[in-house]
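Written out below as structure tokens is the structure these notes cover.
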Amino acid sequence: MNKNMAKKISIEPKMNYDLNLLQDMYKKMLLIRRFEEKAGQLYGMGQIGGFCHLYIGQEAVVVGIQSAQIDGDSIVTSYRDHGHMLACDMDPKGVMAELTGRKDGYSKGKGGSMHMFSREKGFFGGHGIVAAQVPIGAGLAFSHKYNGNKNVSITYFGDGAANQGQVYESYNIASLWKLPVVFVIENNKYGMGTSVNRSSAGENLSNRGKPYGIKSEIVDGMDILAVRDAAIRAIDYCRSGKGPYILEMKTYRYRGHSMSDPAKYRTRDEVDKIRKTSDPIENIKLLLNKMGVEDKTLKDIDRDIKSVIAEAAKFAQDSPEPSEDELFTDITIN
Amino acid sequence: MTIEILMPALSPTMEEGTLSKWLVNEGDSISSGDLIAEIETDKATMEVEAVDDGKIGQLLVPEGTEGVKVNTPIALLVDTNESPHASIKNIADKPYLEKEKIQSKPTNDKTISIEANSSLITVREALRNAMAEEMRADKNVFIMGEEVAEYQGAYKVTQGLLDEFGDKRVYDTPITEHGFAGIGIGAAFGNLKPIVEFMTFNFAMQAMDQIINSAAKTLYMSGGQMGCPIVFRGPNGAASRVAAQHSQCYASWYAHCPGLKVVSPWSSKDAKGLLKSAIRDPDPVIFLENEVMYGQSFSCPDDDNFTLPIGKANIEKEGNDVTIIAFSIMVGKSLEAAEILKDKNINAEVINLRTLRPLDIDTIIESVKKTNRVVTCEEGFPFSGIGAEISAIISEKAFDWLDAPVVRVTGKDVPMPYAANLEKLALPQVVDIVSASAQVCNED
């Protein structure tokens, strides 16, 4: 296990962080955690079908990065996308209703867990093919540059995707054309059931940007403050026109690759140890305590979030299935 | 001893070229490897090197001559110690100068009548004009691909675009189809209108996942939010003598997939009108060109606003006895076949599909009702091909109108061979269309 990951984040109050910001980040991470727990439950009840990839354990990555973004930045990720959508302020009701395949889902029930989008929120999916989103993210960055706006593209992919060829084709072009794209590698140690050590040659995935002249950092993805700091550096760099940037987030997923994964490739012990020592939500909770936020306030936050999620779950089960007419809509625009 | 220097073939499909400049004079001594002339093909201007040592005895073709056929003698090389004139006398009775009529215009021009407000231009020029016009009209239109900018296009289709629009609109990409196709799709999601050129569609197989899974399906999977206004274009089908990996028709591959529009022009008019429509279209369009057609000239409307609708076929020739359905290069072959069929008292109708998805089923069915006999033509493989689809549609929608089974003329069910004779056998020829048409007309 990576040293950075094992170490607890510092719980010394960091006075340069605004308390409201920390509370917001805590709320968002908790929203994602509770949402995913509920999605797992609904899957068990047969309300959600197909593949369902939960983000539990990785919350600090997307929330930390999102805290460094501005309006108009675009986000694209893989099929483990529920957390990214909630971080973009997409409505939990619409996300959950898509998971249940109902008409009020973000894709009218036609996309499912892996394929959701919100142009309004700058979320460009939700892509089911491993690494397909990487050139798409570079293309979104191309559109920002072409339009001369100051926005950047945040392009997430996992350690498994990091071995796909189009990632390097994208690195090459992004660097040649100085595209404003932050490549965020969410290294949760396993591409499905194969550990990084068994699938990826070389030392760190972040090193792979070096031959292309792309600046990179390794970040403790369980420490939301470290994530935020790195994201600010990376995004500033891209925004100022210097080209792409790679952030390798060392993170961990507590659940299996998908709901149907028995996770025999790692020990229960390994998971428990990380939960106990590095849980991003527990750590920021401790920090908030230290900064004088009372337990009651934190409990109130948790209660409010649980009620948001309960409402979303009810909405997602009450929403009707899409009308049969929808079968033949949205194939082409004209 | 005198050696004839012949007009060289500089590409697989080159049949003739312009001798734009002599770099030597009569009487000059040259060594193997020296540059002797500049030759311009429809693709590029290239320098020609001497392959022997000697002295230039005579320049047979003056510089500036257009339409010089490949293998025409263009100069005579004599031994350095020989008097040029003496040796030329020895071959003076060679009749090639009279026999090889040097033409100043491409051969297919003479039979073409130019329509009103139109000009005679090549398919290549029509494609280029369509892109340039749309780039002038909409600043969100840009082009990317291998060699599209500084090299002016591997097949010269993008010639001059870099000069006119600059490097913020015209991008040379590395040879990474998978990556740049995906980047184009991302740019289209970001509200730009990319034209992605594949040097040939054979290489687009590298990008298939992005084209199908990302470009074609995302609108549906997003419940209508994520339009992808992108054009993938480039030569499709067989070129000439480039063997199996570089000669394949992908029409049925793309036409199979919901979410795509698939267009395949034949003439210059098709090329301009359809490419402009494709660029303006809000959906991903696969635009299948044909390398062999690039240099052919047709009458083409001059109007900057001329477009042809996607999804509409054109009846190129009306007839009553048999419907020949074709697209791309096979339209020309079908028209040739129709001419030959006249001598057999068969009046063929020739439909140019123009679009393969959505297919203009109405035009096909109306024609079947008139002729009751159908031959489909394509360069692609027969199994699960465009002809198979058309045949199935006719069975479903016009079975009672048929007087004979639909016959498919297709490429043979083999990877394209290299050898000239085998390649010819593998590709559908005019004679195949003639005999298929005669066959369906003789069945009652």
Side-chain angles (χ1 to χ4, degrees), chain A residues 74 76 98 103 105-112 114-120 124-129 131-148 151 153 155 164-174 176-177 179 181 322 326 328-334, chain B residues 139-140 142 144 167-169 171-194 196 206-207 209-210 212-230 257-261 280-285 310-311 357-358:
Chain A
S74 45
V76 67
E98 189 59 39
K103 96 177 202 347
Y106 266 98
S107 299
K108 303 185 198 166
K110 299 200 278 193
M114 302 185 284
H115 317 107
M116 270 181 264
F117 309 82
S118 170
R119 276 191 180 274
E120 185 202 344
F124 289 84
H127 294 268
I129 303 296
Q133 77 275 18
V134 180
I136 290 172
L140 287 163
F142 179 95
S143 70
H144 292 311
K145 187 172 167 132
Y146 190 94
N147 288 328
N151 285 118
S153 159
T155 300
Q164 289 272 34
Q166 71 266 51
V167 171
Y168 302 95
E169 298 189 12
S170 303
Y171 280 3
N172 185 41
I173 294 179
L176 277 172
W177 297 354
L179 301 181
V181 50
E326 285 292 345
F328 290 108
T329 64
D330 306 321
I331 297 165
T332 54
I333 290 173
N334 69 12
Chain B
K139 66 172 178 43
N140 282 339
F142 72 95
M144 64 196 289
D167 61 6
K168 299 286 173 256
R169 307 282 299 278
Y171 290 84
D172 278 328
T173 63
I175 308 169
T176 52
E177 284 81 7
H178 194 168
F180 72 71
I183 287 174
I185 292 162
F189 288 153
N191 289 328
L192 300 181
K193 306 206 75 177
V196 174
Q206 298 257 14
D209 171 63
Q210 301 281 174
I212 306 300
N213 275 319
S214 303
K217 295 180 184 171
T218 303
L219 183 72
Y220 194 81
M221 294 197 305
S222 65
Q225 285 186 70
M226 298 282 293
C228 187
I230 191 168
C257 297
L260 294 178
K261 288 171 181 166
R280 294 179 191 185
D281 199 276
D283 294 309
V285 180
I310 291 175
R357 174 184 271 273

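Please read all numbers here as calculations on a predicted model, not as lab measurements. To find a chain, count down the sequence lines: A is the first, B the second, and so on, and within it residues start at 1. Hydrogens, waters and symmetry mates play no part in the numbers below; they use all other heavy atoms, side chains included.
Contacts of A:T332 with chain B are made by both backbone and side-chain atoms, with heavy-atom separations under 4.5 Å. For chain A, the nearby parts of B:N140 are the backbone and the side chain; heavy atoms of each come within less than 4.5 Å. Proximity to chain B (any heavy atom under 4.5 Å) is restricted, for A:E326, to the backbone atoms N, CA, C and O. Only the backbone of A:T329 comes within contact range of chain B, with heavy atoms under 4.5 Å apart. Heavy atoms closer than 4.5 Å to chain A are found in the backbone of B:D172, but not in its side chain. B:E177 touches chain A through its backbone: at least one of N, CA, C or O sits under 4.5 Å from a heavy atom, while the side chain does not.
The backbone N or O of B:M221 sits less than 3.5 Å from a side-chain atom of A:S107, completing a donor-acceptor pair. Remark: side-chain polar atoms of B:Q225 are paired, donor with acceptor, to backbone N or O of A:F117 under 3.5 angstrom.
Here B:Q210 contributes atom CD and A:Q166 contributes atom CD; the two are 5.5 Å apart, rounded to the nearest 0.5 Å. To the nearest 0.5 angstrom, A:Y171 atom OH is 15.0 Å from B:T176 atom OG1. Taking CG of B:N213 as the start and CD1 of A:I129 as the end, the distance is 4.0 Å to the nearest 0.5 Å. Separation of atoms OG1 (B:T218) and NE2 (A:H115) is listed at 8.0 Å; rounding is to 0.5 Å. For the atom pair NE2 of A:H144 and CG of B:L192, the computed distance is 10.0 Å after rounding to the nearest 0.5 Å.
Looking only at side-chain heavy atoms (C-beta outward), B:L219 and A:I331 stay at 4.5 Å or farther from each other. The side-chain heavy atoms of B:S214 and A:I136, taken from C-beta on, include a pair separated by under 4.5 Å. Put simply, the side chain of B:M144 reaches to within 4.5 Å of the side chain of A:W177, judged on heavy atoms.
Considering all non-hydrogen atoms of both residues, B:D209 and A:A132 come closest at OD2-CB, 3.9 Å. Of all heavy-atom pairs between A:N172 and B:P174, the closest is ND2-CG, 3.5 Å. Between B:G190 and A:L140, the closest heavy-atom pair is N-CD2, 3.8 Å. Here the closest heavy-atom approach between residue B:A187 and residue A:S143 is recorded as O-CB, 4.1 Å.
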Problem - Derivation of the side-chain contact (heavy atoms from CB on, under 4.5 Å) call for B:M226 and A:R119 - result: CA-CA 8 Å; B:M226 298 282 293; A:R119 276 191 180 274; 4.1 Å; yes
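Aromatic pair B:Y171/A:F142: centroids less than 6.0 angstrom apart.
Counting non-hydrogen atoms of other residues, nucleotides and ligands closer than 6.0 Å to CD1 of A:I333 gives a total above 12.
A donor-acceptor contact under 3.5 angstrom links the side chains of A:N334 and B:K261, judged on distance only.
For A:Y146, the side chain to side chain donor-acceptor pair (under 3.5 Å) partners two or more places apart in sequence, or in a different chain, are B:R169.
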